[in-house]
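In this text the structure is predicted, and so the values were computed from the model without any measurement. Just the heavy atoms: all of them, side chains too, but no hydrogens, waters or symmetry mates, feed the values below.
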Amino acid sequence: MITLRFRGFTIGKRPIIQVFFEIPALKISKMINFLVDTGSIFSAITEKEAMLMGIDCSMLPDSKVETIGFGGFFKTKIINKPVILTFRSEKGEEYKIRYSSGFIVILAPSNLSSEDRERFLGLTPNVLGMDVLTKFKIHIDKHTTVLELAQKKRKRKV
(Lines give C-alpha, C1' and ligand atoms only; values in the text may rest on other atoms or scores of the structure.)
Protein backbone atom coordinates (compact mmCIF):
# COMPACT_ATOMS: atom_id res chain seq x y z
CA MET A 1 0.00 0.00 0.00
CA ILE A 2 1.35 3.43 -0.90
CA THR A 3 0.03 6.77 0.30
CA LEU A 4 -0.08 9.79 -1.96
CA ARG A 5 -0.12 13.17 -0.21
CA PHE A 6 -1.54 16.23 -1.89
CA ARG A 7 -0.66 19.40 -0.02
CA GLY A 8 -2.63 22.62 -0.13
CA PHE A 9 -2.75 25.69 2.07
CA THR A 10 -5.18 27.81 4.04
CA ILE A 11 -6.26 31.40 3.47
CA GLY A 12 -7.71 32.62 6.73
CA LYS A 13 -9.76 29.61 7.78
CA ARG A 14 -10.41 28.46 4.20
CA PRO A 15 -8.67 25.19 3.22
CA ILE A 16 -7.49 25.37 -0.40
CA ILE A 17 -5.93 22.85 -2.75
CA GLN A 18 -4.70 23.38 -6.29
CA VAL A 19 -6.02 21.01 -8.93
CA PHE A 20 -5.26 20.88 -12.64
CA PHE A 21 -8.66 21.21 -14.38
CA GLU A 22 -8.92 19.95 -17.94
CA ILE A 23 -11.57 19.71 -20.66
CA PRO A 24 -9.70 17.78 -23.38
CA ALA A 25 -12.49 18.07 -25.99
CA LEU A 26 -12.25 21.88 -25.80
CA LYS A 27 -8.45 21.91 -25.41
CA ILE A 28 -8.87 23.87 -22.18
CA SER A 29 -6.75 23.37 -19.07
CA LYS A 30 -5.91 25.49 -16.05
CA MET A 31 -4.57 25.16 -12.53
CA ILE A 32 -7.46 26.09 -10.22
CA ASN A 33 -7.60 26.77 -6.48
CA PHE A 34 -10.51 24.83 -4.94
CA LEU A 35 -12.01 25.34 -1.50
CA VAL A 36 -12.12 21.98 0.33
CA ASP A 37 -15.84 22.01 1.20
CA THR A 38 -17.04 19.00 3.19
CA GLY A 39 -20.49 20.62 3.38
CA SER A 40 -20.97 20.50 -0.38
CA ILE A 41 -22.29 17.39 -2.10
CA PHE A 42 -20.90 18.33 -5.51
CA SER A 43 -17.75 19.94 -6.83
CA ALA A 44 -18.10 23.06 -8.97
CA ILE A 45 -16.26 25.90 -10.62
CA THR A 46 -17.56 29.44 -10.72
CA GLU A 47 -18.86 31.35 -13.70
CA LYS A 48 -15.83 33.63 -13.35
CA GLU A 49 -13.40 30.69 -13.53
CA ALA A 50 -15.24 29.29 -16.55
CA MET A 51 -15.02 32.68 -18.30
CA LEU A 52 -11.28 32.93 -17.53
CA MET A 53 -10.84 29.57 -19.28
CA GLY A 54 -12.75 30.78 -22.32
CA ILE A 55 -15.95 28.84 -21.65
CA ASP A 56 -19.11 30.59 -22.83
CA CYS A 57 -21.53 29.70 -20.01
CA SER A 58 -24.54 30.76 -22.10
CA MET A 59 -23.78 27.81 -24.40
CA LEU A 60 -23.81 25.26 -21.57
CA PRO A 61 -26.99 23.33 -20.75
CA ASP A 62 -28.88 24.19 -17.56
CA SER A 63 -28.59 21.88 -14.60
CA LYS A 64 -31.82 20.23 -13.49
CA VAL A 65 -31.29 21.37 -9.89
CA GLU A 66 -30.40 24.67 -8.26
CA THR A 67 -27.52 24.97 -5.84
CA ILE A 68 -28.02 26.22 -2.28
CA GLY A 69 -25.40 28.50 -0.74
CA PHE A 70 -25.18 31.22 1.89
CA GLY A 71 -26.76 33.67 -0.54
CA GLY A 72 -29.74 31.42 -1.30
CA PHE A 73 -30.48 29.41 -4.44
CA PHE A 74 -28.30 29.67 -7.54
CA LYS A 75 -28.75 28.49 -11.10
CA THR A 76 -26.10 26.17 -12.36
CA LYS A 77 -24.92 25.00 -15.75
CA ILE A 78 -23.34 21.70 -16.68
CA ILE A 79 -20.13 21.16 -18.61
CA ASN A 80 -21.38 18.48 -20.98
CA LYS A 81 -17.91 17.30 -22.01
CA PRO A 82 -15.49 15.03 -20.15
CA VAL A 83 -13.56 16.83 -17.39
CA ILE A 84 -10.37 15.60 -15.72
CA LEU A 85 -9.19 16.79 -12.29
CA THR A 86 -5.50 16.03 -11.72
CA PHE A 87 -4.01 16.11 -8.23
CA ARG A 88 -0.20 16.22 -8.04
CA SER A 89 1.46 14.80 -4.94
CA GLU A 90 4.41 16.23 -3.08
CA LYS A 91 6.61 13.67 -4.86
CA GLY A 92 5.22 14.40 -8.32
CA GLU A 93 2.82 11.45 -8.55
CA GLU A 94 -0.53 12.18 -10.14
CA TYR A 95 -4.06 11.06 -9.34
CA LYS A 96 -6.81 11.77 -11.85
CA ILE A 97 -10.55 11.95 -11.33
CA ARG A 98 -12.61 11.79 -14.51
CA TYR A 99 -16.11 13.15 -15.01
CA SER A 100 -17.61 11.76 -18.20
CA SER A 101 -20.04 14.70 -18.16
CA GLY A 102 -21.89 16.87 -15.69
CA PHE A 103 -19.29 19.04 -13.93
CA ILE A 104 -21.15 22.00 -12.40
CA VAL A 105 -20.64 25.72 -13.08
CA ILE A 106 -22.19 28.10 -10.51
CA LEU A 107 -23.76 31.22 -12.03
CA ALA A 108 -24.28 34.61 -10.47
CA PRO A 109 -27.99 35.35 -9.91
CA SER A 110 -29.42 37.25 -12.88
CA ASN A 111 -31.20 39.86 -10.74
CA LEU A 112 -27.99 41.35 -9.27
CA SER A 113 -26.82 44.88 -10.01
CA SER A 114 -23.50 45.03 -11.87
CA GLU A 115 -21.74 46.02 -8.63
CA ASP A 116 -23.26 43.12 -6.67
CA ARG A 117 -22.54 40.74 -9.55
CA GLU A 118 -18.85 41.69 -9.47
CA ARG A 119 -18.78 41.20 -5.71
CA PHE A 120 -20.53 37.83 -6.02
CA LEU A 121 -18.10 36.65 -8.70
CA GLY A 122 -15.14 37.76 -6.59
CA LEU A 123 -16.33 36.08 -3.38
CA THR A 124 -17.70 32.77 -4.68
CA PRO A 125 -15.08 30.01 -4.53
CA ASN A 126 -14.55 26.98 -6.71
CA VAL A 127 -15.42 24.03 -4.47
CA LEU A 128 -14.29 20.44 -4.11
CA GLY A 129 -17.29 18.69 -2.65
CA MET A 130 -17.89 15.26 -1.22
CA ASP A 131 -18.20 13.67 -4.69
CA VAL A 132 -14.39 14.06 -4.82
CA LEU A 133 -13.41 14.34 -1.15
CA THR A 134 -14.75 10.91 -0.16
CA LYS A 135 -11.77 9.42 -2.02
CA PHE A 136 -9.32 11.06 0.41
CA LYS A 137 -8.40 11.33 4.06
CA ILE A 138 -8.47 15.05 4.85
CA HIS A 139 -6.14 16.82 7.30
CA ILE A 140 -6.60 20.55 7.85
CA ASP A 141 -4.93 22.88 10.32
CA LYS A 142 -4.43 26.64 10.36
CA HIS A 143 -1.47 26.46 7.96
CA THR A 144 -1.95 23.50 5.64
CA THR A 145 -4.50 21.36 3.88
CA VAL A 146 -3.50 17.79 3.10
CA LEU A 147 -5.45 15.19 1.16
CA GLU A 148 -4.14 11.64 1.45
CA LEU A 149 -4.95 8.76 -0.82
CA ALA A 150 -3.98 5.16 -0.05
CA GLN A 151 -3.50 3.03 -3.15
CA LYS A 152 -2.58 -0.59 -3.58
CA LYS A 153 0.81 -1.10 -5.16
CA ARG A 154 0.49 -2.10 -8.78
CA LYS A 155 1.99 -5.42 -9.70
CA ARG A 156 4.61 -5.18 -12.41
CA LYS A 157 4.24 -7.39 -15.42
CA VAL A 158 7.37 -9.32 -16.25
- Item | Crowding at CD1, Ile41 (>12 non-hydrogen neighbours, <6.0 Å) | no
- Validation row, ring centre Phe103 to ring centre Phe21 under 6.0 Å: yes
- Query: When rounded to the nearest 0.5 angstrom, what distance separates CD1 in Ile106 from NZ in Lys48?
  - Reply: 14.0 Å
- Message: How about CD on Glu90, more than 12 heavy atoms from neighbouring residues, nucleotides or ligands closer than 6.0 Å, or not?
- Response: yes
- Query: In Å, rounded to the nearest 0.5 Å, how long is the span from CE of Met51 to SG of Cys57?
  - Reply: 7.0 Å
- Query: So how far is it from Arg119 CZ to Arg117 CZ, rounded to the nearest 0.5 Å?
  - Reply: 14.0 Å
- In Å, rounded to the nearest 0.5 Å, how long is the span from CG of Leu128 to CE of Met130? 11.0 Å
- Message: If I compare all heavy atoms of Val105 with all of Leu60, which pair ends up nearest, and what's the gap?
- Response: CG2-CD1, 4.0 Å
- Working to the nearest 0.5 Å, report the span between CD of Glu47 and CG of Leu121. 5.5 Å
- Message: For Lys30, I'd like to know if atom NZ has over 12 heavy atoms of other residues, nucleotides or ligands within 6.0 Å.
- Response: yes
- Query: How close do Phe20 and Ser29 get, heavy atom to heavy atom, and via which atoms?
  - Reply: CZ-CB, 3.3 Å
- Geometric class of the Tyr95/Phe136 ring pair [parallel <30°, tilted 30-60°, perpendicular >60°]: perpendicular
- Message: So, applying side chain to side chain contact (heavy atoms under 4.5 Å, CB included) with Thr124, which one of Thr46, Leu107, Leu35 is it?
- Response: Thr46
- Message: Does Met31, at its CE atom, have more than 12 non-hydrogen atoms belonging to other residues, nucleotides or ligands within less than 6.0 Å?
- Response: yes
- Message: Using side-chain contact (heavy atoms from CB on, under 4.5 Å), reason through Thr3 and Leu149 one step at a time and then give a plain yes or no.
- Response: CA-CA 5 Å; Thr3 300; Leu149 177 71; over 6 Å; no
- Enter the distance from Thr145:OG1 to Ile138:CD1 here, rounded to the nearest 0.5 Å. 9.5 Å
- Message: Strictly below 4.0 Å, N to O, side chains only: are Glu94 and Lys96 in salt-bridge contact?
- Response: yes
- Do you know the tightest heavy-atom contact between Thr10 and Lys142? OG1-O, 2.6 Å
- Query: Which is it for Ile16 and Phe34 under the side-chain contact (heavy atoms from CB on, under 4.5 Å) test, yes or no, and what are the steps along the way?
  - Reply: CA-CA 5 Å; Ile16 306 291; Phe34 282 91; over 6 Å; no
- Query: Given Ile23 and Ile55, is the side-chain contact (heavy atoms from CB on, under 4.5 Å) satisfied, shown in steps?
  - Reply: CA-CA 10 Å; Ile23 308 171; Ile55 298 170; 3.6 Å; yes
- Determine the minimum heavy-atom distance between Asn126 and Ile45, stating which atoms define it. OD1-CA, 3.3 Å
- Query: For Glu93, does the CD atom sit with more than 12 other heavy atoms under 6.0 Å from it, leaving out its own atoms?
  - Reply: yes
- Task: Give a yes-or-no answer on whether the side chains of Asp131 and Ser43 include a donor-acceptor pair shorter than 3.5 Å.
- Result: yes
